[in-house]
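A short worksheet on the structure shown next.
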Amino acid sequence: MPYQKYWLMKSEPTSFSFEDLVRSKKSTNHWDGVRNYQARNYMREMRVGDKVLFYHSSCDEPGVVGLAEVMRTAYPDHTQFDPADVHYDPKATRDRPIWDMVDLRAIKPLRGPAGLDVLRKTKGLEKMVLLRRGSRLSVQPVSRKEWEIIVRLGG
DNA sequence: GCCAACGTTGGC
DNA sequence: GCCAACGTTGGC
């Protein structure tokens, strides 16, 4: 396998939670709805086997709740073509898709969820994209060390 | 290409 | 619900 990378992906648990991923067939599902170019471009960099921190946002306890891995590299997000979908993009066509998604498989939940408050206080995570002021990217790169620290936090 | 207005994100 | 920070849009 080529060089393996680490990522963090945000989801609002009310729309799609880590538990939803676990309950999916083969614990695998597609990650649709990304509508930000930088986040999309990061997804395009993903390779099968890359590891992902699954983050819950806009909820009572925001934080990393589970580990996942990339099962399929970027391919067109079907929701961009569907006028009935909230993520519909009239500028996208089947011939010229704009937005991509990847498939993820749940590896395991973190026993002690690594809450945002905890992450902020944890040594070695000072430079995490997630913790940068004003950072809103829903798909972000994570360093190997950051990954290891957070996995250790989660037991 | 500038930039004001507007929309979205996401913690609190 | 508030609001800071950021991204996008569109007139010029």
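First the proteins, then the strands, lettered A, B, ... as listed; each starts at 1.
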*Using a cut-off of 6.0 Å, state whether more than 12 heavy atoms not belonging to A:R44 lie near its atom CZ.*
yes
*Do A:L53 and A:L67 have side-chain heavy atoms sitting under 4.5 Å apart?*
yes
Measure from [atom1] on [X] to [atom2] on [N] and round the result to the nearest Å.
X: A:Q140; N: B:dG10; atom1: CD; atom2: P; value: 9 Å
X: A:D117; N: B:dG11; atom1: CG; atom2: P; value: 11 Å
X: A:R35; N: C:dT9; atom1: CZ; atom2: P; value: 13 Å
X: A:R120; N: B:dC12; atom1: CZ; atom2: C1'; value: 10 Å
X: A:D60; N: B:dC12; atom1: CG; atom2: P; value: 12 Å

*Applying ring-ring contact (aromatic ring centres under 6.0 Å, His included), name anything that partners A:Y37, two or more places apart in sequence or on another chain.*
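Per chain and number, A:Y37 pairs via ring-ring contact (aromatic ring centres under 6.0 Å, His included) with A:W99.
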*Is the shortest side-chain N/O distance from A:Y55 to OP1 or OP2 of B:dG11 below 4.0 Å?*
yes
*Verify the contact: side-chain N or O of A:K10 to OP1 or OP2 of B:dT9, cut-off strictly under 4.0 Å; return yes or no.*
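No, A:K10 has no side-chain N/O under 4.0 Å of OP1/OP2 on B:dT9.
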*Mind telling me whether A:Y6 and A:W147 have parallel, tilted or perpendicular rings, with 30° and 60° as the class edges?*
tilted
*Without hydrogens or angle criteria, can the side chains of A:R35 and A:T79 be said to hold a donor-acceptor pair below 3.5 Å?*
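Looking only at side-chain atoms, A:T79 and A:R35 do form a donor-acceptor pair, the distance falling under 3.5 Å.
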Using a cutoff of under 3.5 Å, can you pull out all pairs of nitrogen or oxygen atoms linking the protein to nucleotides 6-8 of chain B, with atom names and distances?
from	atom 1	to	atom 2	distance (Å)
B:dT8	O2	A:R136	NH1	2.6

_If I take atom CD from residue A:E146 and atom CD from residue A:E126, how far apart are they, to the nearest 0.5 angstrom?_
9.0 Å
